[in-house]
Enquirer: 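The structure that follows is given in the form of structure tokens.
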2 protein chains.
Amino acid sequence: MSADSAGDVTGGTAGHVSFQPVRPVRAYQRVAEQIEERILGGDLPPGARLPAERELVRQFAVGRSTVREALRVLQSSGLIRSRPGDPLGAEVLGVSPDNLSEALTRLTRSHLSGLAELVQFRMLLDAESYRLAARLHTGDDLIRLEALADRMEACVPADPHAFSEADAGFHRVVAEASGNALLALCARAVHAAVVEAIESKLVGDDAADWMRRSVAHHRHILAALRGADGRSAAALGREALYDYYAPLVPEQDRIRLKAALD
Amino acid sequence: MSADSAGDVTGGTAGHVSFQPVRPVRAYQRVAEQIEERILGGDLPPGARLPAERELVRQFAVGRSTVREALRVLQSSGLIRSRPGDPLGAEVLGVSPDNLSEALTRLTRSHLSGLAELVQFRMLLDAESYRLAARLHTGDDLIRLEALADRMEACVPADPHAFSEADAGFHRVVAEASGNALLALCARAVHAAVVEAIESKLVGDDAADWMRRSVAHHRHILAALRGADGRSAAALGREALYDYYAPLVPEQDRIRLKAALD
DNA sequence: GCCAGACGACTGGTCAGACCAGTTGATCTT
DNA sequence: AAGATCAACTGGTCTGACCAGTCGTCTGGC
């Protein structure tokens, strides 16, 4: 370890300078920071290649395990991807939303005080998506939404899987039409979490009726979007979600969902 | 590498079984997954301790570097924290919003239209927090909010750091009063990301005026919360955020923020 | 001339063993 | 009993090795 200049406190000025408690910064951390800085700063655009590990060892003057731990950190942040045997070195991926939805998924999994919270959160996000989408959507968006609603209706009796896929597509298009990628990502992650949480509870008995009501709801929302009536679309979206999920939520939690209805 | 049972395809039934292309799963990945599963599943609650690395080496039957890379991944996800010399082993932290705000920060840093999107998203989340908090808050919440507003006002001319800390506290209390932990965590993460994104842009010239306006906004919101007027509190919250951040957002992106004003 | 296959020089993934600096708690000293 | 000492840990880092892939090249046969 020859290049250690972290604890350098060479402020030559005498007097009552106050020193910060120097907390040790791990070597792998500084390696990771340097590389991340290069990526985020645009120095290493997506698609670029990092030097091979053994080359990084030379450049950073650290051991290979240190370099590897740094690369692991970057990889788990989704910034790079490495493949064994690749003579070009690790590939720079740039910033992707995957990491964000991963973090969100973890949050929902651990901090879940119940389905009610999750559904309530989804009601908020979806409603806001509708509100924004109503005033920002393009004609193309409407066409795609209509097609998705048709597809939902088409597989209403017997294909719940395709139905739920079309449903997810509908919400995704709306979220993207809202013009806010962040909102779209969160909505998508929460949607996935909801689906995962309830997929076991869905007994297929009155599923057909359920699906039909869902289609009707989506049609109403679509009409509101077409009319650029954001407020109405948002309210409809909230109601639709309430209708779907309220029966699956424990009695005493249902008041939370009602609170989100406004 | 003695415990390798990933590629096991011992389905004894003959016939036209279709095999999946087996993609290699790294050892450190499986180690990390196992530990993460234990944490998220509640088996290892926050505050619990992981076995020492050398003990994990024994239990997982892998090399120490593999264990260490797995721990690095978990650490960079904010799930654990390790300290050199700690005889108790790495500490389980549980899921925190820090990782989410980190991802958000990266996303805004790389994505150019980031700040407007981020602020818009914060407007939505905060507004919904206000709406819910207005009808769910307790008397204690109001007292704490009042105290925080006072503290903000107290350090208005000369202590921007404490000011922004009190501000963060205010928003956190509101988010928690909304009764939705998911919403609170996301709002907190977005708040942190916004603060980090703009901290460099904040020239301290008209900072005092800025802070004074902020205090007034918070007082108004507090009054609306006290009156259980969720709709009004939400609108006030949106306006406050617009006022603060619109000047920092590029001209052509400002329309997005306006759209979120309703 | 061209294409298939062997070869070798890489790559990342993993392991083993070692050393260091820091923490801790028991033991010894005063 | 309070303080210094020490040994047994811990995590952080380095080194060197091996393996299984990947790929460019080289060589053989067609």
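Computed from a predicted structure; not experimentally measured. Chain identifiers are assigned alphabetically (A, B, ...) following the order of the sequence lines, protein sequences preceding nucleic acid strands; residue numbering begins at 1 within each chain.
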Enquirer: Listed in order of residue number, which residues of residues 67-79 of chain A have a non-hydrogen atom at under 4.0 Å from DNA chain D?
Expert: none
Enquirer: Do B:Leu74 and A:Ser76 have side chains that approach each other closer than 4.5 Å (heavy atoms only, starting at C-beta)?
Expert: no
Enquirer: Strictly by modelled atom types, are A:Arg68 and A:Tyr28 linked by a side-chain donor-acceptor pair under 3.5 Å?
Expert: no
Enquirer: What is the distance from OH of A:Tyr28 to P of D:dG11, rounded to the nearest Å?
Expert: 13 Å
Enquirer: Measure CD/B:Glu53 against P/C:dC20 and give the value in whole Å, please.
Expert: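 Value for this atom pair: 19 Å.
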Enquirer: Test B:Glu53 against every option in B:Arg58, B:Arg72, B:Arg64 by the salt bridge (Lys or Arg N to Asp or Glu O under 4.0 Å) rule and name the one that passes.
Expert: B:Arg64
Enquirer: Could you tell me the separation between the CG atom of B:Leu88 and the C1' atom of C:dG25, rounded to a whole number of Å?
Expert: 12 Å
Enquirer: If you check every side-chain atom of A:Val62, which of C:dT24, D:dT13, D:dC14 has the closest atom?
Expert: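 Minimum distance to the A:Val62 side chain belongs to D:dC14.
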Enquirer: Less than 4.0 angstrom from a charged side-chain N to a carboxylate O is my criterion; do A:Arg106 and B:Glu36 meet it?
Expert: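 Salt bridge: yes.
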Enquirer: Could you check whether B:Gly85 gets within reach of a base, just the sugar-phosphate, or nothing at all, counting any heavy atom under 4.0 Å?
Expert: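 Result for B:Gly85 = base.
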Enquirer: Are B:Glu91 and B:Pro46 close enough that some pair of their side-chain heavy atoms sits under 4.5 Å apart?
Expert: no
Enquirer: Does A:Glu33 come within less than 4.0 Å of A:Arg30, counting only side-chain N to carboxylate O?
Expert: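 Salt bridge absent between A:Glu33 and A:Arg30.
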Enquirer: Is there any protein nitrogen or oxygen under 3.5 Å from a nitrogen or oxygen in nucleotides 16-18 of chain D, and what are the pairs?
Expert:
from: D:dA17; atom 1: N6; to: A:Arg64; atom 2: NH2; distance (Å): 3.4

Enquirer: Closer to the 5' end of DNA chain D via nearest nucleotide, is it A:Pro84 or A:Arg26?
Expert: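 Final value for this comparison: A:Arg26.
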Enquirer: In whole angstrom, give the distance that lies between atom CG of B:Leu56 and atom C1' of D:dG11.
Expert: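 B:Leu56 atom CG is separated from D:dG11 atom C1' by 12 Å.
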Enquirer: Work out which heavy atom in B:Val249 is nearest to a heavy atom in B:Ala116; give both atom names and the distance.
Expert: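 Heavy-atom minimum between the residues: CG1-CB, 3.9 Å.
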Enquirer: Nearest whole Å is fine: how far is D:dC9 C1' from B:Arg58 CZ?
Expert: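 Atom CZ in B:Arg58 sits about 12 Å away from atom C1' in D:dC9.
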Enquirer: Does a side-chain heavy-atom distance below 4.5 Å link B:Val92 with B:Leu79?
Expert: no
Enquirer: What do the steps show when you test B:Leu104 against B:Val190 for side chain to side chain contact (heavy atoms under 4.5 Å, CB included), and what is the final call?
Expert: CA-CA 7 Å; B:Leu104 282 174; B:Val190 173; 3.6 Å; yes
Enquirer: When we call it a touch if two heavy atoms are under 4.0 Å apart, what does A:Ser65 touch: a base, just sugar-phosphate, or nothing?
Expert: base
Enquirer: Angle between ring planes, B:His171 versus B:Tyr130, binned at 30° and 60°: parallel, tilted or perpendicular?
Expert: tilted
Enquirer: Starting at the 5' end of DNA chain D and moving along, which residue's nearest nucleotide shows up first, A:Val57 or A:Asp86?
Expert: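 This one resolves to A:Val57.
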Enquirer: What's the CD-C1' distance between B:Glu91 and D:dG11, to the nearest Å?
Expert: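 Answer to the nearest Å: 15 Å.
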Enquirer: Looking at A:Thr66, I'd like to know whether one of its side-chain N or O atoms comes within less than 4.0 Å of OP1 or OP2 on D:dC14.
Expert: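 For D:dC14, OP1 or OP2 has a side-chain N or O of A:Thr66 closer than 4.0 Å.
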Enquirer: Hey, does the side chain of A:Ser82 come within less than 4.0 Å of C:dT11's phosphate (OP1/OP2), counting only N and O?
Expert: no
Enquirer: Rounded to the nearest 0.5 Å, what separates atom OG in A:Ser77 from atom CG in A:Asn99?
Expert: 5.5 Å
Enquirer: Does a side chain donor of either A:Ser129 or A:Asp126 reach within less than 3.5 Å of an acceptor in the other side chain?
Expert: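 Distance-only check fails for A:Ser129 and A:Asp126.
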Enquirer: Counting only heavy atoms and a strict 4.0 angstrom limit, can you tell me which residues of residues 43-50 of chain A come near DNA chain D?
Expert: none
Enquirer: Which nucleotide, C:dC15, D:dT22, D:dG12, lies nearest any side-chain atom of A:Arg83?
Expert: D:dT22
